[in-house]
Amino acid sequence: MKKNLFFAALAAIALFASCAKDNGETTDNGKTKNVYMKLEKAPSVRSVADKVTDYTVEFSSGLMYFVDAAGDIRKVFTIDGNPTAGSNLNITDLENGLGGIEVPETSKTVYVIANLPSGFNPATAGAYSAVSSKVLSAASQVGTITSGAIKGVVLYGGAANNIDEVSTGVFEATVSPMQVCNRFEITDISLKTDSHITGYTVDGIYVNYFYSERGLGVAPLATANQNYGSIAANYVSTYGFYASAGAGVFYDEPAAAATSGVVAAGTDKVWGYNLLAGAITPHIIIKLSNITVETGWTAPTGGTGFITVKGFNKTAGGAAIDFATGGQVFTVAAGDLAFALEDVTSVPEMGSIEVKVTVELTDWIPVGVKPVI
């Protein structure tokens, strides 16, 4: 596992004043200044998926916006591996440091956006607010895992007036692009000691209480929160965003019977979900069938039921996770999502178990958690 500092994607920009030059890029004084840019980035996410073991995030391509004090776009550069025009910057060149780039003198803020979904084309002129508020869907953040590294997740960074004059005529700014989502990884589902359950089948695993969309640079609105409540019929592949996004995005239906009390995603596999970061921590709903119990105990009606995970703690009974900050992988280790007969309810969102999540610091900031049931 690589222990690089979280996504180290720092676009360190030193702007050095140069002679005035009217090229029509601004509407005020027409002056420009030379820019020296350096991009420090890490090297080169679906459902029963490979575990994330290399927590780097690939910066495949992106946009760099220069914005004035009024919030208007003054210059946009494309960042990729094959620059074809003066407005394109090469990733490798930026890693090594690239100077001599002109931007309007009125530029006050720098924003960097990377790994935009196909067809997601933000504005390149006018008010920057149209860019930051452009709606990004949660389903677009599925990503891919190659050799354990997560690819295809949007990165966003920048803050108003982040270009500072560090000495006369010399300006600097640092932008730290960060993932707009977090990731849950569930290794297996098992039984607690003295669970009084002798067998069960996991029919489905469903994410509930998740954000379906957010503005590119704006936290999700409460109206985007999808809460399917305690209606059992809602937790099927044909309902709501489960149907529109497809398997492996917000749900899985393994229909797997327990072996020695355990249902696992597979060798070096997990049930993994990339979810938009926000103020609300998602819930995990597990649908069970074929529940059998020890002699003297009563099985749920029809042998079916639900487990609801409403909380994730960094240690058993410890502090809850912070889901508002993107770039975290919350890993539920083998044996940490365990339940007993008393945790099974007839409908979802009625009970709760706690789950521990493991914490490590890497590019994605993996966080091992303990579920709250």
Side-chain angles (χ1 to χ4, degrees), residues 45-52 57-58 60 115-120 134-146 148-156 179-189 202-216 220-221 223-229 231 233-256 263 265-266 269-278 280-287 306-309 312 323 326-332 337 348-349 364 366 369 371:
V45 262
R46 178 192 134 125
S47 181
V48 172
D50 294 330
K51 290 178 64 177
V52 174
V57 179
E58 182 181 75
S60 59
N115 306 339
L116 292 173
S118 176
F120 189 92
K134 186 173 176 62
V135 174
L136 180 72
S137 73
S140 72
Q141 296 306 289
V142 176
T144 58
I145 299 177
T146 303
I150 305 173
K151 301 182 179 182
V153 175
V154 170
L155 309 171
Y156 182 92
Q179 297 89 331
V180 299
C181 63
N182 291 313
R183 177 174 172 82
F184 271 118
E185 293 189 342
I186 300 171
T187 305
D188 65 19
I189 298 164
V202 174
D203 287 345
I205 302 169
Y206 307 86
V207 181
N208 190 36
Y209 226 48
F210 62 91
Y211 291 110
S212 58
E213 61 185 24
R214 61 167 287 168
L216 185 59
L221 297 175
T223 52
N225 178 35
Q226 303 302 316
N227 181 5
Y228 295 154
I231 301 174
N234 292 349
Y235 297 89
V236 292
S237 62
T238 54
Y239 186 81
F241 277 91
Y242 304 140
S244 60
V249 181
F250 303 122
Y251 81 95
D252 277 294
E253 292 184 338
V263 175
K269 301 289 184 181
V270 293
W271 292 294
Y273 310 98
N274 289 356
L275 305 169
L276 294 175
I280 296 172
T281 300
H283 298 175
I284 301 295
I285 307 297
I286 301 168
K287 183 165 64 174
F306 292 85
I307 304 167
T308 301
V309 182
F312 298 85
F323 204 77
Q328 302 176 88
V329 176
F330 298 105
T331 301
V332 181
L337 204 170
E349 294 289 357
W364 255 83
V369 296

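Bear in mind the structure is a predicted one, so any value in this text is a computation, not a measurement.
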Would a 4.5 Å heavy-atom cut-off, applied to side chains only, mark [X] and [Y] as touching?
X: Val309; Y: Val332; result: no
X: Pro117; Y: Leu136; result: yes
X: Pro282; Y: Tyr273; result: no
X: Tyr211; Y: Leu275; result: no
X: Phe120; Y: Leu216; result: yes
X: Asp188; Y: Val263; result: no

Next item on the list: Before giving the answer on side-chain contact (heavy atoms from CB on, under 4.5 Å), spell out for Leu337 and Trp271 the whole-Å C-alpha distance, their side-chain angles and the decisive distance to 0.1 Å.
Entry: CA-CA 12 Å; Leu337 204 170; Trp271 292 294; over 6 Å; no

Notebook entry, point to check: How many angstroms lie between OH in Tyr239 and OH in Tyr251, if you round to the nearest 0.5 Å?
Noted result: 15.0 Å

Item checked: Point-to-point distance, once rounded to the nearest 0.5 Å, from OG of Ser140 to CG of Asn115 -> 11.0 Å

Identify the two heavy atoms, one from [X] and one from [Y], that lie closest to each other, and give their separation to 0.1 Å.
X: Leu276; Y: Gln141; value: CD2-CG, 4.2 Å
X: Phe241; Y: Ser212; value: CZ-CB, 3.4 Å
X: Ala245; Y: Ala139; value: CB-CB, 4.1 Å

Next item on the list: Just do the side-chain contact (heavy atoms from CB on, under 4.5 Å) check on Val270 and Arg183 with the steps written out, would you?
Entry: CA-CA 11 Å; Val270 293; Arg183 177 174 172 82; 4.1 Å; yes

Notebook entry, point to check: Do Asn208 and Tyr235 have side-chain N/O donor and acceptor atoms under 3.5 Å apart?
Noted result: yes

Notebook entry, point to check: Are any side-chain N or O atoms of Glu253 and backbone N or O atoms of Ser237, one a donor and one an acceptor, separated by less than 3.5 Å?
Noted result: yes

Checklist line | Asn182 side-chain N/O to Gln328 backbone N/O, donor-acceptor pair under 3.5 Å | finding: yes

Notebook entry, point to check: Within 45° of the six-membered ring axis of Tyr206 and under 6.0 Å from that ring's centre, is NZ or CZ of Lys287 located there?
Noted result: no

Check: Using the benzene-type ring in the case of Trp, are the ring centres of Phe323 and Phe330 under 6.0 Å apart?
Finding: yes

Notebook entry, point to check: Given the rule in the side-chain contact (heavy atoms from CB on, under 4.5 Å) test, do Ile205 and Ile285 qualify, once you have shown the distances and angles that lead to the verdict?
Noted result: CA-CA 6 Å; Ile205 302 169; Ile285 307 297; over 6 Å; no

Note to self: Could you work out, with side-chain contact (heavy atoms from CB on, under 4.5 Å) as the rule, every residue matching Val135, not counting sequence neighbours?
What the structure shows: Glu213

Check: According to the interplanar angle, ranging from 0 to 90°, do the rings of Tyr242 and Phe210 count as parallel (below 30°), tilted (30 to 60°) or perpendicular (above 60°)?
Finding: tilted

Note to self: Angle between ring planes, Phe312 versus Phe184, binned at 30° and 60°: parallel, tilted or perpendicular?
What the structure shows: tilted

